[in-house]
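Since the structure comes first, as structure tokens, the remarks are kept for the end.
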Amino acid sequence: MPASPIDNTTPTFDSSKITVIYVLGGPGAGKGTQCANLVKDFGFCHLSAGDLLRAEQTREGSQYGELIRTCIKEGTIVPMEVTIKLLENAMKAELERKPEGEGWADGKGRFLIDGFPRKMDQAVKFDETVCLSTKVLFFTTTEEVMLSRLLERGKTSGREDDNVESIKKRFRTYANDTMPVIQYYASQGKVAEVDSTVAIEEVHKAAREVVLKIFAEKQQTA
């Protein structure tokens with residue numbers, strides 16, 4: 001039987017040099033806050049799929065702007081080709097910038113990708129065509145905690161999806177589409193779960209320990 005085209009796909013980035021940690025968790029689980037802490041600790045480049053999409057929707061001349069605006073307003077997921085292309089471009093730009101630090105020497109790089117992948121097809125496509133992910137950092141808490149945090153954020157964020165109706169749609173989308181992604185990676189032993197209900201400092205400590213373990217394991221296999 002002839003090989004399918006996907007069999008011949010070579011990812012854009014070499015996962016032995018490029019570390020990609022997916023940061024997942026429900027809306028309001030604290031992903032952005034903890035990513036900022038890990039950037040300070042380890043010199044990661046933090047890429048938020050949501051931030052890239054929000055920037056693209058207002059970028060002059062963007063072919064995706066109207067589509068992204070509609071998806072964000074409705075609480076649905078933007079087509080994966082758009083999100084993956086924006087992430088790949090951002091990774092290329094960061095590597096070309098040549099940041100300082102041990103994580104970026106000799107063509108290496110380390111990325112926290114926040115809020116992605118949100119569906120199985122995104123996970124498979126990114127791993128196959130952009131870079132094989134190293135680990136999933138999964139922040140867990142209750143819907144009650146997430147709703148409270150998002151409504152508080154909505155007072156100052158200016159984000160049109162920080163309202164009860166949009167938030168509840170996002171919870172449903174997350175449960176239906178993103179939890180299977182987490183289960184898929186868990187079956188491969190690639191998920192590290194961190195309870196983000198507790199104080200920010202405690203969550204940071206637990207997340208930091210996870211990342212130290214990831215780097216230690218990566219060094220052993222290098």
(request) Measure the spacing between CD of Glu193 and CG of Leu137 and express it to the nearest 0.5 Å. (result) 10.5 Å
(request) Would you indicate whether the side-chain heavy atoms of Leu112 and Leu38 approach each other to under 4.5 Å? (result) yes
(message) My understanding is that only residues two or more places apart in sequence, or in another chain, count here; which of them pass side-chain contact (heavy atoms from CB on, under 4.5 Å) with Ser148?
(response) none
(request) Identify whether Val210 and Val39 are in the same connected component of the hydrophobic contact network (ILVMFWY, side-chain heavy atoms under 4.5 Å). (result) yes
(message) Applying side-chain contact (heavy atoms from CB on, under 4.5 Å) to Val78 and Tyr64, what does each step give before you reach the verdict?
(response) CA-CA 10 Å; Val78 174; Tyr64 306 122; over 6 Å; no
(request) List the atom of Ile18, the atom of Lys218, and the distance in Å for their closest heavy-atom pair. (result) O-NZ, 3.4 Å
(message) Quick check: closest heavy atoms across Thr178 and Pro117, and the distance to 0.1 Å?
(response) CG2-O, 4.1 Å
(request) Check whether any side-chain heavy atom of Phe126 lies under 4.5 Å from a side-chain heavy atom of Phe116, and answer yes or no. (result) yes
(message) If you compare all heavy atoms of Ala29 against all heavy atoms of Phe139, which two are closest, and at what distance to 0.1 Å?
(response) CB-O, 3.9 Å
(message) If hydrophobic clusters are built by linking Ile, Leu, Val, Met, Phe, Trp and Tyr wherever their side-chain heavy atoms come under 4.5 Å apart, do Phe138 and Ile113 end up in the same one?
(response) yes
(message) Rounded at 0.5 Å granularity, tell me how far SG in Cys45 sits from CZ in Arg97.
(response) 7.5 Å
(message) Would you say that Val130 contacts Pro11 through its side chain, given a criterion of any heavy-atom pair below 4.5 Å between the two side chains?
(response) no
(request) Any chance you could measure Gln57, atom CD, to Thr70, atom OG1, to the nearest 0.5 Å? (result) 9.5 Å
(message) Please check: side-chain N/O of Thr58 versus main-chain N/O of Ala55, any donor-acceptor pairing under 3.5 Å?
(response) yes
(request) Scan for salt bridge (charged side-chain N to carboxylate O under 4.0 Å, His left out) pairs involving residues 35-52, sequence neighbours excluded, and state none if there are none. (result) Asp41-Arg208, Asp51-Arg54
(message) Salt bridge check, Glu202 against Lys205: does any charged N sit closer than 4.0 Å to a carboxylate O?
(response) no
(message) What's the separation between atom OG in Ser196 and atom CE in Met146, rounded to the nearest 0.5 Å?
(response) 8.0 Å
(request) Take Ile21 and Ile214 through the side-chain contact (heavy atoms from CB on, under 4.5 Å) test and state the conclusion after the steps. (result) CA-CA 9 Å; Ile21 299 176; Ile214 291 168; 3.7 Å; yes
(request) Starting at SG of Cys71, measure out to CD1 of Ile68 and round the result to the nearest 0.5 Å. (result) 8.0 Å
(message) Please evaluate residues Asn37 and Gln34 with respect to the criterion side-chain contact (heavy atoms from CB on, under 4.5 Å), reporting the C-alpha separation (whole Å), side-chain torsions for both, the decisive distance (0.1 Å), and the verdict.
(response) CA-CA 5 Å; Asn37 287 332; Gln34 294 306 327; 3.4 Å; yes
(request) List, by chain and then residue number, the residues other than Val145 in its hydrophobic cluster (Ile/Leu/Val/Met/Phe/Trp/Tyr, side-chain heavy atoms under 4.5 Å); write none if there are no others. (result) none
(request) Using a strict 4.0 Å threshold on nitrogen-to-oxygen distance, state whether Glu56 and Lys85 make a salt bridge. (result) no
(request) Starting at NZ of Lys135, measure out to OG1 of Thr19 and round the result to the nearest 0.5 Å. (result) 12.5 Å
(request) May I ask you to check whether Glu88 and Thr12 show a side-chain donor-acceptor distance below 3.5 Å? (result) yes
(message) Tell me which one of Asp195, Val194, Thr197 satisfies side chain to side chain contact (heavy atoms under 4.5 Å, CB included) with Val203.
(response) Val194
(request) Taking all non-hydrogen atoms of both residues into account, name the closest pair between Gly115 and Leu24 and its distance. (result) C-CD2, 4.1 Å
(request) Can you see which heavy atom on Pro27 is nearest to which on Arg170, and at what distance? (result) CB-NH2, 3.6 Å
(request) Could you tell me if the ring centre of Phe215 sits under 6.0 Å from that of Phe42? (result) yes
(message) Between Lys168 and Glu165 (salt bridge meaning N to carboxylate O under 4.0 Å), is one present in this structure?
(response) no
(request) Would you mind reporting whether Ser15 and Thr134 have side-chain heavy atoms less than 4.5 Å apart? (result) no
(request) Would you mind reporting whether Lys190 and Ser133 have side-chain heavy atoms less than 4.5 Å apart? (result) yes
(request) Please write out which residues are connected to Ile200 in a hydrophobic cluster, directly or through intermediates, given that two of Ile, Leu, Val, Met, Phe, Trp, Tyr count as joined at side-chain heavy-atom separations below 4.5 angstrom. (result) none
(request) Carefully, step by step, assess Lys125 and Glu128 under the rule salt bridge (Lys or Arg N to Asp or Glu O under 4.0 Å). (result) CA-CA 5 Å; Lys125 188 77 170 174; Glu128 287 178 341; over 6 Å; no
(request) May I ask whether Tyr174 and Val136 are part of the same hydrophobic cluster, defined by side-chain heavy atoms of I, L, V, M, F, W, Y residues being less than 4.5 angstrom apart, directly or through others? (result) yes
(request) Tell me whether Met80 is reachable from Phe13 by hopping between hydrophobic residues (I, L, V, M, F, W, Y) whose side-chain heavy atoms are closer than 4.5 Å. (result) yes
(request) Measure up the Phe111 and Trp104 rings against each other and bin them: parallel (under 30°), tilted (30 to 60°), perpendicular (over 60°). (result) perpendicular
(message) Do Val211 and Val191 sit in one hydrophobic cluster, given that two such residues count as connected whenever their side-chain heavy atoms are within less than 4.5 Å of each other, even indirectly?
(response) no
Please table the atom pairs, donor to acceptor, closer than 3.5 Å between any side-chain atom in residues 179-186 and protein atoms at least two apart or in another chain.
unit_1, atom_1, unit_2, atom_2, d
Tyr184, OH, Gln188, NE2, 3.2
Tyr185, OH, Asp127, OD2, 2.7

(message) Evaluate Leu151 against Leu147 for side-chain contact (heavy atoms from CB on, under 4.5 Å), listing each step before the verdict.
(response) CA-CA 6 Å; Leu151 291 176; Leu147 179 62; 4.0 Å; yes
(message) I need the minimum non-hydrogen distance between Gly75 and Thr173, along with the two atoms involved.
(response) O-OG1, 3.2 Å
(request) Can you run down the side-chain hydrogen bond (donor to acceptor under 3.5 Å, both in side chains) pairs that involve residues 106-119, sequence neighbours left out, and say none if there aren't any? (result) His46-Asp114
(message) Using modelled atom types and a 3.5 Å cut-off, is there a donor and acceptor pairing between side-chain atoms of Lys31 and backbone atoms of Gly26?
(response) yes
